[in-house]
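To start, the structure under review is shown below, and the notes come after it.
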Amino acid sequence: MQNTAAKDSKNNQNSKSANPAPATNFLQQIIEQDRAANKYGGRVVTRFPPEPNGYLHIGHSKSICLNFGLAQEFGGKCHLRFDDTNPETEDTEYVESIMEDVRWLGFDWGKDLYYASDYFEQLYQNAEELIKAGKAYVCPLNEEQLREYRGDFTTPGKDSPGRNRTVEENLDLFRRMRAGEFEEGSCTLRAKIDMKSPNMNMRDPLLYRIKKVNHHRTGDKWCIYPMYDYAHPLSDAIENITHSICTLEFQDHRPFYDWTVENAKFEGEPHQYEFARLNLSYLVMSKRKLLQMVKEGLVSGWDDPRMPTISGIRRRGYTPASIRNFAKRIGVAKAESIIDIEILEGCVKEDLDLVAHRAMAVLDPVKLVIENYPDGKTEELHAPVHPKKPELGERKFTFTKEVWIDRKDFMENPPADFHRLKPGGRVRLRNAYVVTCKEVIKDAHGHVTELRCEYDPVTLGGKPTADGVKVKGIIHWVSVTHSFEAEVRLYGRLFNVANPDVAPEGKDFKANLNPNSLTVLKNAKLEPSLKNANLETRYQFERTGYFCLDSKDSKPGALVFNMIVDL
Ligand code: ATP
Ligand code: MG
(Lines give C-alpha, C1' and ligand atoms only; values in the text may rest on other atoms or scores of the structure.)
(Ligands and ions follow the chains in the order given, each with its own letter.)
Protein backbone atom coordinates (compact mmCIF):
# COMPACT_ATOMS: atom_id res chain seq x y z
CA MET A 1 0.00 0.00 0.00
CA GLN A 2 2.63 2.45 1.12
CA ASN A 3 4.70 1.75 -1.96
CA THR A 4 1.84 2.28 -4.33
CA ALA A 5 0.97 5.54 -2.67
CA ALA A 6 4.50 6.85 -2.90
CA LYS A 7 4.93 5.84 -6.53
CA ASP A 8 1.55 7.12 -7.61
CA SER A 9 2.15 10.53 -6.17
CA LYS A 10 5.66 10.75 -7.56
CA ASN A 11 4.40 10.19 -11.06
CA ASN A 12 1.78 12.82 -10.63
CA GLN A 13 3.56 15.52 -8.70
CA ASN A 14 2.46 18.93 -9.88
CA SER A 15 5.21 21.39 -10.52
CA LYS A 16 5.26 24.77 -8.86
CA SER A 17 4.41 27.72 -10.98
CA ALA A 18 4.32 31.40 -10.22
CA ASN A 19 2.50 32.29 -13.43
CA PRO A 20 -1.12 31.57 -12.73
CA ALA A 21 -3.64 30.85 -15.46
CA PRO A 22 -6.55 33.31 -15.80
CA ALA A 23 -8.75 33.25 -12.70
CA THR A 24 -11.72 30.95 -12.99
CA ASN A 25 -13.04 30.91 -9.44
CA PHE A 26 -13.75 33.58 -6.84
CA LEU A 27 -10.82 32.55 -4.65
CA GLN A 28 -8.33 32.98 -7.48
CA GLN A 29 -9.85 36.41 -8.11
CA ILE A 30 -9.51 37.39 -4.46
CA ILE A 31 -5.88 36.31 -4.37
CA GLU A 32 -5.13 38.17 -7.58
CA GLN A 33 -6.66 41.33 -6.14
CA ASP A 34 -4.73 40.91 -2.89
CA ARG A 35 -1.50 40.47 -4.81
CA ALA A 36 -2.24 43.48 -7.00
CA ALA A 37 -2.81 45.56 -3.85
CA ASN A 38 0.38 44.11 -2.33
CA LYS A 39 -1.62 42.85 0.65
CA TYR A 40 0.54 40.43 2.69
CA GLY A 41 3.49 41.62 0.60
CA GLY A 42 2.27 39.40 -2.22
CA ARG A 43 2.55 36.25 -0.06
CA VAL A 44 0.02 33.43 -0.42
CA VAL A 45 -0.09 30.95 2.45
CA THR A 46 -3.00 28.53 2.70
CA ARG A 47 -3.51 25.48 4.90
CA PHE A 48 -5.35 22.21 4.94
CA PRO A 49 -6.55 21.71 8.52
CA PRO A 50 -7.96 18.19 9.09
CA GLU A 51 -9.02 16.97 12.47
CA PRO A 52 -7.36 13.58 12.99
CA ASN A 53 -10.59 11.84 13.99
CA GLY A 54 -11.10 9.66 10.92
CA TYR A 55 -9.83 8.91 7.45
CA LEU A 56 -10.05 11.53 4.72
CA HIS A 57 -12.82 11.23 2.13
CA ILE A 58 -13.33 12.52 -1.41
CA GLY A 59 -14.87 15.68 0.02
CA HIS A 60 -11.59 16.48 1.71
CA SER A 61 -9.78 16.00 -1.58
CA LYS A 62 -11.65 19.03 -2.91
CA SER A 63 -10.28 21.12 -0.06
CA ILE A 64 -6.79 19.62 -0.47
CA CYS A 65 -6.70 20.30 -4.23
CA LEU A 66 -8.02 23.80 -3.63
CA ASN A 67 -5.62 24.81 -0.86
CA PHE A 68 -2.50 23.17 -2.26
CA GLY A 69 -3.55 24.10 -5.80
CA LEU A 70 -3.90 27.83 -5.02
CA ALA A 71 -0.54 27.85 -3.24
CA GLN A 72 1.14 26.19 -6.24
CA GLU A 73 -0.57 28.45 -8.71
CA PHE A 74 0.53 31.62 -6.96
CA GLY A 75 4.01 30.48 -5.96
CA GLY A 76 3.01 30.33 -2.30
CA LYS A 77 2.81 27.45 0.14
CA CYS A 78 0.22 25.32 1.83
CA HIS A 79 0.58 24.05 5.38
CA LEU A 80 -0.70 20.74 6.62
CA ARG A 81 -2.07 21.40 10.08
CA PHE A 82 -3.75 18.90 12.33
CA ASP A 83 -6.55 20.54 14.27
CA ASP A 84 -6.13 18.21 17.22
CA THR A 85 -8.18 19.92 19.90
CA ASN A 86 -10.61 17.07 20.66
CA PRO A 87 -8.48 14.38 22.29
CA GLU A 88 -11.26 11.80 22.85
CA THR A 89 -11.86 11.15 19.18
CA GLU A 90 -8.38 11.69 17.80
CA ASP A 91 -5.62 9.21 17.16
CA THR A 92 -2.17 8.92 15.57
CA GLU A 93 -3.53 6.22 13.23
CA TYR A 94 -5.61 8.99 11.64
CA VAL A 95 -2.67 11.42 11.55
CA GLU A 96 -0.63 8.89 9.59
CA SER A 97 -3.39 7.97 7.19
CA ILE A 98 -4.08 11.64 6.47
CA MET A 99 -0.43 12.31 5.61
CA GLU A 100 -0.34 9.27 3.33
CA ASP A 101 -3.55 10.38 1.59
CA VAL A 102 -2.38 13.96 0.97
CA ARG A 103 0.90 12.67 -0.46
CA TRP A 104 -0.91 10.16 -2.62
CA LEU A 105 -3.00 12.96 -4.09
CA GLY A 106 0.32 14.43 -5.23
CA PHE A 107 0.81 17.27 -2.76
CA ASP A 108 3.73 18.13 -0.56
CA TRP A 109 3.67 20.34 2.53
CA GLY A 110 7.48 20.36 2.71
CA LYS A 111 8.56 21.53 6.16
CA ASP A 112 5.19 23.01 6.92
CA LEU A 113 3.65 20.31 9.08
CA TYR A 114 1.93 21.69 12.16
CA TYR A 115 -0.33 20.63 14.99
CA ALA A 116 -2.72 22.90 16.87
CA SER A 117 -1.52 21.03 19.97
CA ASP A 118 1.93 22.58 19.46
CA TYR A 119 0.27 25.92 20.18
CA PHE A 120 -1.51 24.91 23.40
CA GLU A 121 0.82 26.96 25.61
CA GLN A 122 0.60 29.96 23.29
CA LEU A 123 -3.21 29.67 23.10
CA TYR A 124 -3.35 29.47 26.87
CA GLN A 125 -1.28 32.63 27.19
CA ASN A 126 -3.54 34.37 24.67
CA ALA A 127 -6.52 33.37 26.79
CA GLU A 128 -4.92 34.91 29.89
CA GLU A 129 -4.34 38.08 27.88
CA LEU A 130 -8.02 38.13 26.93
CA ILE A 131 -8.96 37.75 30.60
CA LYS A 132 -6.62 40.59 31.56
CA ALA A 133 -8.21 42.78 28.90
CA GLY A 134 -11.65 42.01 30.37
CA LYS A 135 -12.61 40.03 27.26
CA ALA A 136 -12.95 36.56 28.74
CA TYR A 137 -14.36 35.10 31.93
CA VAL A 138 -14.80 31.81 33.72
CA CYS A 139 -18.41 30.67 33.53
CA PRO A 140 -19.91 28.28 36.11
CA LEU A 141 -22.80 27.05 33.95
CA ASN A 142 -23.02 23.38 33.04
CA GLU A 143 -23.78 22.15 29.55
CA GLU A 144 -27.53 22.20 29.94
CA GLN A 145 -27.54 25.65 31.53
CA LEU A 146 -25.23 26.95 28.81
CA ARG A 147 -27.76 25.89 26.23
CA GLU A 148 -30.61 27.45 28.14
CA TYR A 149 -28.80 30.77 28.73
CA ARG A 150 -27.78 30.97 25.11
CA GLY A 151 -31.31 31.64 23.88
CA ASP A 152 -32.22 30.99 20.27
CA PHE A 153 -32.87 32.87 17.07
CA THR A 154 -35.94 34.55 18.50
CA THR A 155 -34.86 34.86 22.15
CA PRO A 156 -31.82 36.87 23.22
CA GLY A 157 -29.35 35.11 25.51
CA LYS A 158 -28.98 35.72 29.26
CA ASP A 159 -25.79 36.80 30.98
CA SER A 160 -23.87 34.11 32.80
CA PRO A 161 -23.46 34.54 36.55
CA GLY A 162 -19.70 34.56 35.89
CA ARG A 163 -19.83 37.42 33.44
CA ASN A 164 -19.10 40.18 35.94
CA ARG A 165 -16.26 38.57 37.84
CA THR A 166 -13.15 40.66 38.29
CA VAL A 167 -10.05 40.09 36.19
CA GLU A 168 -8.21 38.74 39.27
CA GLU A 169 -10.98 36.30 40.06
CA ASN A 170 -11.09 35.08 36.44
CA LEU A 171 -7.32 34.67 36.24
CA ASP A 172 -7.28 32.70 39.46
CA LEU A 173 -10.13 30.43 38.36
CA PHE A 174 -8.67 29.88 34.89
CA ARG A 175 -5.28 28.96 36.37
CA ARG A 176 -7.01 26.54 38.70
CA MET A 177 -8.89 25.07 35.73
CA ARG A 178 -5.53 24.40 34.13
CA ALA A 179 -4.18 22.94 37.39
CA GLY A 180 -6.97 20.37 37.36
CA GLU A 181 -8.81 21.61 40.45
CA PHE A 182 -12.26 21.43 38.88
CA GLU A 183 -14.38 18.62 37.54
CA GLU A 184 -15.22 18.24 33.88
CA GLY A 185 -18.30 20.23 32.97
CA SER A 186 -18.18 22.37 36.11
CA CYS A 187 -16.89 25.50 34.36
CA THR A 188 -15.63 26.90 31.07
CA LEU A 189 -13.75 29.91 29.79
CA ARG A 190 -15.88 32.12 27.57
CA ALA A 191 -15.30 35.18 25.45
CA LYS A 192 -17.15 38.26 26.67
CA ILE A 193 -18.85 39.58 23.56
CA ASP A 194 -22.63 40.02 23.38
CA MET A 195 -25.37 37.74 24.69
CA LYS A 196 -27.92 39.60 22.57
CA SER A 197 -26.10 39.29 19.27
CA PRO A 198 -28.31 38.07 16.42
CA ASN A 199 -25.38 35.81 15.53
CA MET A 200 -25.49 32.94 18.02
CA ASN A 201 -21.76 32.38 17.56
CA MET A 202 -21.11 35.78 19.15
CA ARG A 203 -23.10 35.05 22.34
CA ASP A 204 -20.07 34.66 24.56
CA PRO A 205 -18.71 31.57 22.81
CA LEU A 206 -16.67 28.98 24.71
CA LEU A 207 -12.90 29.27 24.53
CA TYR A 208 -11.87 26.40 26.83
CA ARG A 209 -13.49 23.40 28.45
CA ILE A 210 -12.18 20.91 30.99
CA LYS A 211 -11.43 17.43 29.64
CA LYS A 212 -9.47 15.09 31.82
CA VAL A 213 -8.34 12.94 28.95
CA ASN A 214 -5.05 11.91 27.45
CA HIS A 215 -4.08 13.62 24.21
CA HIS A 216 -2.32 11.58 21.52
CA ARG A 217 0.50 14.11 21.38
CA THR A 218 0.56 16.06 24.65
CA GLY A 219 -0.29 13.11 26.90
CA ASP A 220 -1.49 14.24 30.35
CA LYS A 221 0.00 17.72 30.16
CA TRP A 222 -3.34 19.41 29.72
CA CYS A 223 -6.77 18.96 31.27
CA ILE A 224 -8.26 21.99 29.56
CA TYR A 225 -8.53 22.07 25.79
CA PRO A 226 -9.26 25.03 23.48
CA MET A 227 -12.39 25.04 21.36
CA TYR A 228 -11.94 24.64 17.61
CA ASP A 229 -13.41 28.09 16.93
CA TYR A 230 -10.81 29.66 19.20
CA ALA A 231 -7.81 27.51 18.28
CA HIS A 232 -8.37 27.70 14.55
CA PRO A 233 -8.07 31.45 13.86
CA LEU A 234 -5.14 31.72 16.26
CA SER A 235 -3.36 28.79 14.61
CA ASP A 236 -3.86 30.56 11.28
CA ALA A 237 -2.47 33.77 12.73
CA ILE A 238 0.51 32.04 14.37
CA GLU A 239 1.42 30.42 11.04
CA ASN A 240 0.97 33.67 9.09
CA ILE A 241 -1.72 32.14 6.93
CA THR A 242 -3.05 34.67 4.44
CA HIS A 243 -6.13 32.98 2.98
CA SER A 244 -7.96 30.64 5.34
CA ILE A 245 -10.36 28.67 3.19
CA CYS A 246 -13.14 26.60 4.74
CA THR A 247 -16.58 25.24 3.97
CA LEU A 248 -19.79 27.28 4.04
CA GLU A 249 -21.03 26.13 7.43
CA PHE A 250 -18.34 28.34 8.97
CA GLN A 251 -19.67 31.51 7.39
CA ASP A 252 -21.52 32.50 10.58
CA HIS A 253 -18.39 31.79 12.58
CA ARG A 254 -16.38 34.37 10.64
CA PRO A 255 -17.20 37.32 12.95
CA PHE A 256 -15.81 35.31 15.88
CA TYR A 257 -12.79 34.31 13.76
CA ASP A 258 -12.10 38.00 13.16
CA TRP A 259 -12.79 38.91 16.80
CA THR A 260 -10.29 36.32 17.99
CA VAL A 261 -7.51 37.34 15.62
CA GLU A 262 -8.06 41.02 16.38
CA ASN A 263 -8.17 40.65 20.16
CA ALA A 264 -5.20 38.31 20.34
CA LYS A 265 -3.23 41.09 18.60
CA PHE A 266 -1.25 39.05 16.10
CA GLU A 267 0.87 40.54 13.37
CA GLY A 268 -0.52 38.36 10.63
CA GLU A 269 -4.13 38.92 9.68
CA PRO A 270 -5.50 35.86 8.00
CA HIS A 271 -8.86 36.21 6.35
CA GLN A 272 -11.45 33.46 6.20
CA TYR A 273 -13.23 32.60 2.95
CA GLU A 274 -15.95 30.01 2.55
CA PHE A 275 -16.79 27.71 -0.34
CA ALA A 276 -19.44 25.03 -0.88
CA ARG A 277 -18.47 21.58 0.33
CA LEU A 278 -18.47 18.68 -2.07
CA ASN A 279 -21.47 16.37 -1.91
CA LEU A 280 -21.64 13.36 -4.21
CA SER A 281 -24.73 11.37 -5.09
CA TYR A 282 -24.95 7.77 -3.78
CA LEU A 283 -22.39 8.46 -1.05
CA VAL A 284 -22.31 9.74 2.49
CA MET A 285 -19.47 12.05 3.27
CA SER A 286 -19.24 12.49 6.99
CA LYS A 287 -16.45 10.97 9.02
CA ARG A 288 -18.93 10.20 11.78
CA LYS A 289 -21.09 8.12 9.46
CA LEU A 290 -18.13 6.44 7.80
CA LEU A 291 -16.77 5.53 11.25
CA GLN A 292 -20.13 4.03 12.15
CA MET A 293 -20.05 1.77 9.08
CA VAL A 294 -16.52 0.66 9.94
CA LYS A 295 -17.36 -0.01 13.60
CA GLU A 296 -20.52 -1.93 12.78
CA GLY A 297 -18.69 -4.08 10.24
CA LEU A 298 -20.92 -2.96 7.37
CA VAL A 299 -17.75 -2.52 5.30
CA SER A 300 -14.41 -4.28 5.69
CA GLY A 301 -12.65 -1.16 6.99
CA TRP A 302 -11.83 2.47 6.20
CA ASP A 303 -10.10 1.23 3.05
CA ASP A 304 -12.94 -0.98 1.81
CA PRO A 305 -12.88 -0.30 -1.95
CA ARG A 306 -16.55 0.76 -1.82
CA MET A 307 -15.85 3.51 0.73
CA PRO A 308 -15.61 7.15 -0.40
CA THR A 309 -12.44 7.49 1.67
CA ILE A 310 -9.17 8.34 -0.07
CA SER A 311 -7.73 5.04 1.19
CA GLY A 312 -10.80 3.24 -0.19
CA ILE A 313 -10.63 4.75 -3.66
CA ARG A 314 -6.86 4.23 -3.71
CA ARG A 315 -7.33 0.53 -3.00
CA ARG A 316 -10.15 0.48 -5.52
CA GLY A 317 -7.67 1.71 -8.13
CA TYR A 318 -8.69 5.32 -8.75
CA THR A 319 -5.70 7.39 -9.82
CA PRO A 320 -4.63 10.60 -8.07
CA ALA A 321 -4.62 12.39 -11.45
CA SER A 322 -8.30 11.59 -11.93
CA ILE A 323 -9.20 13.02 -8.53
CA ARG A 324 -7.29 16.21 -9.28
CA ASN A 325 -9.01 16.52 -12.65
CA PHE A 326 -12.32 15.97 -10.98
CA ALA A 327 -11.61 18.74 -8.47
CA LYS A 328 -10.79 21.06 -11.39
CA ARG A 329 -13.85 20.08 -13.34
CA ILE A 330 -16.37 20.67 -10.56
CA GLY A 331 -14.78 24.02 -9.70
CA VAL A 332 -15.37 26.08 -6.59
CA ALA A 333 -18.69 27.71 -5.84
CA LYS A 334 -20.47 29.48 -3.02
CA ALA A 335 -23.71 27.51 -3.27
CA GLU A 336 -24.28 23.95 -2.05
CA SER A 337 -25.06 21.30 -4.64
CA ILE A 338 -24.88 17.55 -5.11
CA ILE A 339 -22.49 16.41 -7.81
CA ASP A 340 -23.47 13.35 -9.80
CA ILE A 341 -21.15 10.44 -8.98
CA GLU A 342 -20.93 9.75 -12.72
CA ILE A 343 -18.86 12.92 -13.16
CA LEU A 344 -16.26 11.46 -10.81
CA GLU A 345 -16.43 8.09 -12.55
CA GLY A 346 -16.07 9.83 -15.91
CA CYS A 347 -12.83 11.48 -14.76
CA VAL A 348 -11.55 8.11 -13.57
CA LYS A 349 -12.39 6.44 -16.90
CA GLU A 350 -10.80 9.24 -18.87
CA ASP A 351 -7.53 8.86 -17.03
CA LEU A 352 -7.58 5.05 -17.05
CA ASP A 353 -8.19 4.92 -20.78
CA LEU A 354 -4.85 6.66 -21.22
CA VAL A 355 -2.85 4.46 -18.87
CA ALA A 356 -4.51 1.06 -18.47
CA HIS A 357 -2.87 -2.01 -20.00
CA ARG A 358 -5.29 -4.06 -22.07
CA ALA A 359 -6.03 -7.72 -21.42
CA MET A 360 -8.79 -10.27 -21.91
CA ALA A 361 -10.54 -11.75 -18.90
CA VAL A 362 -13.64 -13.90 -18.74
CA LEU A 363 -15.48 -13.23 -15.51
CA ASP A 364 -18.36 -15.73 -15.77
CA PRO A 365 -16.94 -18.50 -17.96
CA VAL A 366 -18.76 -20.86 -20.25
CA LYS A 367 -16.82 -23.28 -22.46
CA LEU A 368 -16.75 -22.90 -26.22
CA VAL A 369 -15.39 -25.90 -28.16
CA ILE A 370 -14.28 -25.45 -31.77
CA GLU A 371 -15.08 -28.77 -33.40
CA ASN A 372 -13.12 -28.22 -36.61
CA TYR A 373 -9.95 -26.99 -34.84
CA PRO A 374 -7.37 -29.79 -34.50
CA ASP A 375 -6.94 -31.35 -31.02
CA GLY A 376 -3.75 -30.21 -29.36
CA LYS A 377 -3.03 -27.48 -31.92
CA THR A 378 -1.89 -24.11 -30.52
CA GLU A 379 -1.36 -20.78 -32.25
CA GLU A 380 0.48 -17.88 -30.71
CA LEU A 381 -1.44 -14.63 -31.17
CA HIS A 382 -0.68 -11.12 -30.01
CA ALA A 383 -2.25 -7.73 -29.45
CA PRO A 384 -0.96 -4.36 -28.25
CA VAL A 385 -0.67 -3.66 -24.53
CA HIS A 386 -2.23 -0.27 -25.28
CA PRO A 387 -3.80 0.62 -28.62
CA LYS A 388 -2.31 4.12 -28.64
CA LYS A 389 1.03 3.35 -27.02
CA PRO A 390 3.10 1.09 -29.27
CA GLU A 391 6.07 1.70 -26.98
CA LEU A 392 4.41 -0.54 -24.37
CA GLY A 393 4.81 -3.48 -26.75
CA GLU A 394 2.61 -6.49 -27.31
CA ARG A 395 1.09 -9.20 -25.18
CA LYS A 396 0.98 -12.81 -26.30
CA PHE A 397 -1.78 -15.36 -25.83
CA THR A 398 -2.55 -18.74 -27.29
CA PHE A 399 -5.47 -19.94 -29.37
CA THR A 400 -6.67 -23.49 -28.70
CA LYS A 401 -9.58 -25.77 -29.51
CA GLU A 402 -11.32 -24.95 -26.22
CA VAL A 403 -11.80 -21.38 -25.05
CA TRP A 404 -13.79 -19.63 -22.31
CA ILE A 405 -16.21 -16.89 -23.20
CA ASP A 406 -18.41 -14.80 -20.90
CA ARG A 407 -21.84 -16.28 -20.31
CA LYS A 408 -23.53 -12.98 -21.07
CA ASP A 409 -22.05 -13.00 -24.58
CA PHE A 410 -24.32 -15.91 -25.53
CA MET A 411 -28.12 -15.83 -25.70
CA GLU A 412 -30.31 -18.68 -26.74
CA ASN A 413 -33.29 -16.51 -27.66
CA PRO A 414 -31.84 -13.08 -28.20
CA PRO A 415 -33.60 -9.88 -29.29
CA ALA A 416 -33.01 -8.73 -32.88
CA ASP A 417 -30.30 -6.22 -31.93
CA PHE A 418 -28.13 -8.80 -30.12
CA HIS A 419 -24.92 -9.13 -32.14
CA ARG A 420 -23.02 -11.58 -30.00
CA LEU A 421 -23.27 -15.38 -30.07
CA LYS A 422 -26.58 -17.18 -30.58
CA PRO A 423 -27.55 -20.62 -31.91
CA GLY A 424 -26.59 -20.72 -35.59
CA GLY A 425 -25.06 -17.23 -35.30
CA ARG A 426 -21.56 -15.99 -35.91
CA VAL A 427 -19.26 -13.84 -33.83
CA ARG A 428 -15.62 -12.81 -33.97
CA LEU A 429 -13.39 -13.91 -31.10
CA ARG A 430 -11.38 -10.77 -30.45
CA ASN A 431 -7.90 -10.78 -32.01
CA ALA A 432 -8.63 -14.26 -33.45
CA TYR A 433 -11.17 -16.08 -35.63
CA VAL A 434 -14.86 -15.90 -36.49
CA VAL A 435 -16.83 -18.82 -35.04
CA THR A 436 -20.35 -20.14 -35.77
CA CYS A 437 -22.45 -21.72 -33.02
CA LYS A 438 -23.54 -25.22 -34.05
CA GLU A 439 -24.92 -26.72 -30.85
CA VAL A 440 -25.84 -25.73 -27.32
CA ILE A 441 -25.17 -28.30 -24.57
CA LYS A 442 -27.10 -28.02 -21.29
CA ASP A 443 -27.17 -29.83 -17.98
CA ALA A 444 -30.26 -31.43 -16.39
CA HIS A 445 -31.43 -28.00 -15.13
CA GLY A 446 -31.30 -26.41 -18.57
CA HIS A 447 -28.15 -24.50 -17.68
CA VAL A 448 -25.82 -23.98 -20.67
CA THR A 449 -22.56 -25.88 -20.07
CA GLU A 450 -20.90 -25.83 -23.45
CA LEU A 451 -21.18 -24.25 -26.88
CA ARG A 452 -20.07 -26.35 -29.84
CA CYS A 453 -18.80 -24.15 -32.67
CA GLU A 454 -16.90 -24.15 -35.95
CA TYR A 455 -14.27 -21.62 -36.87
CA ASP A 456 -13.53 -20.03 -40.23
CA PRO A 457 -9.75 -20.39 -40.79
CA VAL A 458 -9.47 -17.42 -43.19
CA THR A 459 -10.69 -14.84 -40.65
CA LEU A 460 -7.54 -14.37 -38.53
CA GLY A 461 -6.23 -10.81 -38.19
CA GLY A 462 -9.63 -9.23 -38.74
CA LYS A 463 -9.99 -10.69 -42.24
CA PRO A 464 -13.50 -11.20 -43.70
CA THR A 465 -15.23 -14.58 -43.69
CA ALA A 466 -14.86 -17.00 -46.62
CA ASP A 467 -18.43 -16.25 -47.71
CA GLY A 468 -17.99 -12.50 -47.33
CA VAL A 469 -20.86 -12.10 -44.81
CA LYS A 470 -20.23 -9.25 -42.37
CA VAL A 471 -19.88 -10.28 -38.73
CA LYS A 472 -20.98 -7.51 -36.39
CA GLY A 473 -20.20 -8.84 -32.94
CA ILE A 474 -16.78 -9.20 -31.34
CA ILE A 475 -16.41 -10.95 -27.99
CA HIS A 476 -13.44 -11.60 -25.71
CA TRP A 477 -12.18 -15.07 -24.80
CA VAL A 478 -9.26 -16.88 -23.20
CA SER A 479 -7.81 -20.34 -23.88
CA VAL A 480 -8.96 -23.08 -21.50
CA THR A 481 -5.46 -24.54 -21.27
CA HIS A 482 -3.49 -21.30 -21.41
CA SER A 483 -5.50 -19.05 -19.08
CA PHE A 484 -5.31 -18.92 -15.28
CA GLU A 485 -7.85 -18.45 -12.54
CA ALA A 486 -8.13 -15.42 -10.26
CA GLU A 487 -10.64 -13.82 -7.93
CA VAL A 488 -12.39 -10.74 -9.25
CA ARG A 489 -14.42 -8.40 -7.04
CA LEU A 490 -17.12 -6.30 -8.65
CA TYR A 491 -18.52 -3.26 -6.89
CA GLY A 492 -21.89 -1.67 -7.18
CA ARG A 493 -22.98 1.53 -5.48
CA LEU A 494 -22.58 1.42 -1.71
CA PHE A 495 -26.02 3.01 -1.32
CA ASN A 496 -29.25 2.35 -3.18
CA VAL A 497 -30.44 5.93 -3.36
CA ALA A 498 -28.96 9.16 -4.68
CA ASN A 499 -29.20 10.90 -1.32
CA PRO A 500 -28.53 8.30 1.39
CA ASP A 501 -28.73 10.91 4.16
CA VAL A 502 -32.50 10.99 3.69
CA ALA A 503 -33.61 7.82 5.46
CA PRO A 504 -37.00 6.12 5.61
CA GLU A 505 -39.18 7.01 8.61
CA GLY A 506 -37.62 5.86 11.89
CA LYS A 507 -34.39 4.64 10.26
CA ASP A 508 -30.99 6.15 9.60
CA PHE A 509 -28.75 6.38 6.53
CA LYS A 510 -27.69 2.74 6.91
CA ALA A 511 -31.14 1.63 5.81
CA ASN A 512 -30.13 2.88 2.36
CA LEU A 513 -27.10 0.58 2.07
CA ASN A 514 -27.12 -1.55 -1.07
CA PRO A 515 -26.95 -5.20 0.08
CA ASN A 516 -25.56 -6.17 -3.34
CA SER A 517 -22.70 -3.72 -3.55
CA LEU A 518 -20.07 -6.49 -3.60
CA THR A 519 -19.94 -9.49 -5.95
CA VAL A 520 -17.04 -11.90 -5.58
CA LEU A 521 -16.21 -14.05 -8.62
CA LYS A 522 -13.94 -16.88 -7.55
CA ASN A 523 -13.16 -18.47 -10.89
CA ALA A 524 -12.62 -15.76 -13.43
CA LYS A 525 -10.31 -16.85 -16.27
CA LEU A 526 -7.54 -14.44 -17.23
CA GLU A 527 -5.13 -14.22 -20.14
CA PRO A 528 -1.53 -15.19 -19.28
CA SER A 529 -0.10 -11.63 -19.48
CA LEU A 530 -2.00 -10.81 -16.28
CA LYS A 531 0.11 -13.28 -14.30
CA ASN A 532 2.69 -10.48 -14.17
CA ALA A 533 0.20 -7.91 -12.95
CA ASN A 534 1.62 -5.45 -10.43
CA LEU A 535 0.15 -3.00 -7.96
CA GLU A 536 1.19 0.12 -9.84
CA THR A 537 -0.49 -0.77 -13.13
CA ARG A 538 -4.18 -0.47 -13.95
CA TYR A 539 -5.72 -2.89 -16.46
CA GLN A 540 -8.58 -2.74 -18.86
CA PHE A 541 -10.29 -6.10 -19.13
CA GLU A 542 -11.45 -5.54 -22.69
CA ARG A 543 -15.18 -5.00 -23.09
CA THR A 544 -15.68 -5.19 -19.31
CA GLY A 545 -14.05 -2.47 -17.29
CA TYR A 546 -10.95 -1.25 -15.50
CA PHE A 547 -9.30 -3.37 -12.83
CA CYS A 548 -6.31 -3.41 -10.52
CA LEU A 549 -4.77 -5.83 -8.07
CA ASP A 550 -6.14 -5.60 -4.56
CA SER A 551 -3.27 -4.24 -2.46
CA LYS A 552 -4.37 -6.10 0.65
CA ASP A 553 -5.66 -9.50 -0.38
CA SER A 554 -3.87 -10.32 -3.63
CA LYS A 555 -1.01 -12.81 -3.26
CA PRO A 556 1.40 -14.23 -5.86
CA GLY A 557 -0.30 -17.32 -7.26
CA ALA A 558 -3.69 -16.25 -5.88
CA LEU A 559 -4.36 -12.92 -7.52
CA VAL A 560 -7.34 -10.79 -6.52
CA PHE A 561 -8.52 -7.99 -8.81
CA ASN A 562 -10.80 -5.09 -7.94
CA MET A 563 -13.10 -3.56 -10.47
CA ILE A 564 -12.27 0.14 -10.54
CA VAL A 565 -15.09 1.19 -12.82
CA ASP A 566 -16.94 -0.32 -15.77
CA LEU A 567 -16.39 0.83 -19.33
P1 ATP B 1 -16.76 15.62 8.13
O2 ATP B 1 -17.93 16.52 8.08
O3 ATP B 1 -16.71 14.64 7.02
O4 ATP B 1 -16.56 14.96 9.44
P5 ATP B 1 -14.97 17.72 8.73
O6 ATP B 1 -15.27 19.01 8.08
O7 ATP B 1 -15.36 17.59 10.15
O8 ATP B 1 -15.52 16.55 7.85
P9 ATP B 1 -12.18 18.21 8.97
O10 ATP B 1 -11.11 17.26 9.30
O11 ATP B 1 -12.52 19.26 9.94
O12 ATP B 1 -13.45 17.34 8.62
O13 ATP B 1 -11.93 18.84 7.53
C14 ATP B 1 -10.72 19.34 7.10
C15 ATP B 1 -10.98 20.32 6.00
O16 ATP B 1 -11.66 19.70 4.92
C17 ATP B 1 -11.86 21.48 6.45
O18 ATP B 1 -11.29 22.67 5.98
C19 ATP B 1 -13.19 21.20 5.82
O20 ATP B 1 -13.85 22.39 5.56
C21 ATP B 1 -12.79 20.44 4.55
N22 ATP B 1 -13.86 19.54 4.12
C23 ATP B 1 -14.47 18.59 4.85
N24 ATP B 1 -15.45 17.99 4.16
C25 ATP B 1 -15.47 18.58 2.94
C26 ATP B 1 -16.25 18.42 1.76
N27 ATP B 1 -17.24 17.51 1.69
N28 ATP B 1 -15.97 19.21 0.69
C29 ATP B 1 -14.98 20.10 0.75
N30 ATP B 1 -14.22 20.31 1.82
C31 ATP B 1 -14.44 19.57 2.91
MG1 MG C 1 -14.50 19.56 11.22
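Side chains are part of it too, since the values below use all heavy atoms of this structure and drop only hydrogens, waters and symmetry mates. Both ligands and their constituent atoms are indexed starting at 1 by order of listing.
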Under 3.5 Å: N/O of Arg47 near N/O of ligand 1: no

Audit row: Thr46, Phe74, side-chain contact (heavy atoms from CB on, under 4.5 Å) steps and yes/no: CA-CA 11 Å; Thr46 57; Phe74 291 98; over 6 Å; no

Residues Asp236, Arg81; criterion side-chain contact (heavy atoms from CB on, under 4.5 Å); working and verdict: CA-CA 9 Å; Asp236 282 348; Arg81 181 202 313 139; 2.6 Å; yes

Check: Arg277 N/O within less than 3.5 Å of ligand 1 N/O: yes

Spatial distance of atom CZ (Phe120) from atom CH2 (Trp222) [nearest 0.5 Å]: 8.0 Å

Short N or O distance, Lys62 and ligand 1, threshold 3.5 Å exclusive: no

Any Phe48 heavy atom less than 4.0 Å from ligand 1: yes

Backbone or side-chain N or O of Pro49 under 3.5 Å from ligand 1 N or O: no

Inter-residue atom distance Thr247.OG1 - Lys62.NZ, 0.5 Å rounding: 9.5 Å

Close-contact set for ligand 1 against Ser286 heavy atoms, below 4.0 Å: 3 (O)

Among Lys287, His60, Glu93, side chain to side chain donor-acceptor pair (under 3.5 Å) partner for Tyr55: Glu93

Salt bridge (charged side-chain N to carboxylate O under 4.0 Å, His left out) partners for Arg329, two or more places apart: Glu350

Non-hydrogen side-chain atoms of Tyr137 and Leu173 separated by less than 4.5 Å: no

Polar proximity ligand 1 side, His60 side, N/O cut 3.5 Å exclusive: yes

Atoms of ligand 1, numbered as shown, that sit under 4.0 Å from any heavy atom of Leu278: 26 (C), 27 (N), 28 (N), 29 (C)

Distance-only N or O hit between ligand 1 and Glu249, under 3.5 Å: no

